[in-house]
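Dumping the structure here so I can ask a few things about it.
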Amino acid sequence: MNSVFPYMRNLRPGCRIVVLSGAGVSQESGLATFRDNNGLWEEHDVYEVATPEAWSRNPELVQRFYNARRKQLLEVFPNDAHKYLAKLEEVFEVVVVTQNVDDLHERGGSSNVVHLHGELRKSRSTLDESLVYDVDGWEITMEERCEKGSVLRPHVVWFGEMVPMIEEAASIVQSADLLLVVGTSLSVYPAAGLLHEASSDVPVILIDPGELNTSGLRNVHHIREKATVGVKNLVLKMLEYQKDS
Ligand code: APR
């Protein structure tokens, strides 16, 4: 852990910490990742449940898939990684840019979260995507309608769909003083491309127990730990460092 100190030297209270997170940050809360062993995409065919084509072919199947994920989400809780990332707000300005559709960053106390791939606890109109609603409980039924009379779909970004928040996310990463990447395989674009938006002198700290392709990136430090351990230790070090310096 001492090797991250050089990255902290330039951090001052109020500096902007940008967190880019993926499914790994919620894994220890009991939510499966997508591409690890027993990951969601091992159990389910992406083309059956997570594309616009799948929705037009069999909306009931897609709705059931997301209803089941939403039900599970209501049964789990934020873990130490979510909570310690929120704790960083005590000293720094923190923005969490997440690929996750769960609300565990918010429930863990983070006050500034940008969801790149949508939010599981929201539904939206199939006629007018600006009509977004909170889901009451875990289920969206095929009978429910938007105010324009159209069927409601999960408010998530499916494969092949645009990522509306990507430009905002890119400018957030460009403004970072430190980029913290937690629990993402960096295999899905355009989200994975955000790492290259950080200016070249900005430290990038990755927290992930797995192998990651960091080719073409400078100033990168990979902490090969699970999120709850890696994030907690790093945040405690960062806060301690601020106190001592
Ligand atoms: N702590 C930290 N990282 C972990 C943990 C853990 N406990 N467990 C697994 N990981 C890491 C894995 O090593 C892997 O690098 O989390 C990453 C999970 O990768 P993916 O399953 O590919 O998830 P993610 O990167 O978030 O997927 C991106 O793909 O399926 C789409 O829209 C979906 O947002 C998702 C996007």
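All ligand and atom numbering here is 1-based and tracks the order in the structure. Residues: numbered from 1 along the sequence shown.
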- prompt: Are Lys83 and Glu90 ion-paired here, with the side-chain N under 4.0 Å from a carboxylate O?
  reply: no
- prompt: To which protein heavy atom is atom 15 (O) of ligand 1 closest, and what is the distance rounded to 0.1 Å?
  reply: Asp208 OD2, 2.7 Å
Can you give me every donor-acceptor pair (side chain of residues 184-197, partner residue at least two apart or in another chain, under 3.5 Å) with its distance?
residue	atom	partner	partner atom	Å
Thr184	OG1	Gln99	NE2	2.9
Thr184	OG1	Leu186	N	3.2
Ser185	OG	Ser187	OG	2.7
Glu197	OE1	Gln174	NE2	2.5

- line: Tightest non-hydrogen contact, residues Val62 and Val49, listed as CG1-O, 3.5 Å
- prompt: Under 4.0 Å from any heavy atom of Phe159, which atoms of ligand 1 are there?
  reply: 30 (O), 31 (C)
statement: among protein heavy atoms, the one nearest atom 36 (C) of ligand 1 is Val188 CG2, 3.8 Å
message: Are there over 12 heavy-atom neighbours, none belonging to Phe159, within less than 6.0 Å of that residue's CZ?
response: yes
- prompt: Do Asp103 and Arg121 sit within salt-bridge range, that is, some charged N less than 4.0 Å from a carboxylate O?
  reply: yes
query: Going by the atom numbers of ligand 1, which of them fall below 4.0 Å from some non-hydrogen atom of Gly183?
result: 3 (N), 16 (O), 17 (C), 18 (C)
- prompt: Looking at Lys226, which atoms of ligand 1 are within less than 4.0 Å of one of its heavy atoms?
  reply: 1 (N), 7 (N)
task: Taking only heavy atoms of Gly22 into account, list the atoms of ligand 1 that are under 4.0 Å away from them.
output: 26 (O)
- request: Answer yes or no: is there a donor N or O on one side and an acceptor on the other, between the side chain of Arg224 and the main chain of Pro209, under 3.5 Å?
  value: yes
- request: State if Gly39 counts as touching ligand 1 under the rule of any non-hydrogen atom under 4.0 Å.
  value: no
- request: With atom 29 (O) of ligand 1 as the reference point, say which of Glu225, Gln99, Arg35 has the nearest heavy atom.
  value: Arg35
field: Taking atom 30 (O) of ligand 1 as the reference point, the nearest protein heavy atom with its distance
entry: Trp41 NE1, 2.7 Å
- prompt: Judged by atom type as modelled, is there a donor-acceptor pair below 3.5 Å linking the side chain of Glu139 to the main-chain atoms of Ala68?
  reply: no
task: Quick one: look up the protein heavy atom nearest atom 10 (N) of ligand 1 and list residue, atom name and how far away it is.
output: Gly24 CA, 3.7 Å
- prompt: Is any N or O atom of Ala227, backbone or side chain, closer than 3.5 Å to an N or O atom of ligand 1?
  reply: yes
message: Does Arg57 have more than 12 heavy atoms from other residues, nucleotides or ligands lying within 6.0 Å of its CZ?
response: yes
query: Does Thr184 approach ligand 1 within less than 4.0 angstrom via side chain, backbone, both or neither, non-hydrogen atoms only?
result: both
statement: closest protein heavy atom to atom 34 (O) of ligand 1 is His117 ND1, 2.8 Å
task: Please could you name the atoms of ligand 1 that Glu28 approaches to less than 4.0 Å, counting only its heavy atoms?
output: 1 (N), 6 (C), 7 (N)
field: Shortest protein contact, atom 9 (C) of ligand 1 (heavy atom only)
entry: Asp36 OD2, 3.3 Å
message: Check this for me - ligand 1, Ala23, N or O atoms closer than 3.5 angstrom, yes or no?
response: yes
- request: List the closest protein heavy-atom neighbour of atom 3 (N) of ligand 1: residue, atom name, distance to the nearest 0.1 Å.
  value: Pro209 CD, 3.3 Å
message: Students should be able to answer this: which protein heavy-atom is nearest to atom 7 (N) of ligand 1, and at what distance?
response: Gln27 OE1, 2.8 Å
message: Is it the case that ligand 1 has an N or O less than 3.5 angstrom from some N or O of Phe34?
response: yes
- request: Please check if the side chain of Gln72 supplies one atom and the backbone of Gly30 the other of a donor-acceptor pair under 3.5 Å.
  value: yes
query: In terms of ring plane angle, is the pair Trp158 and Tyr66 parallel, tilted or perpendicular, where the classes change at 30° and 60°?
result: tilted
- prompt: What residue pairs, at least two apart or across chains, pass salt bridge (charged side-chain N to carboxylate O under 4.0 Å, His left out) with a residue in residues 26-46?
  reply: none
message: For Gly22, is there any backbone N or O sitting under 3.5 Å from a side-chain donor or acceptor partner on Asn100?
response: yes
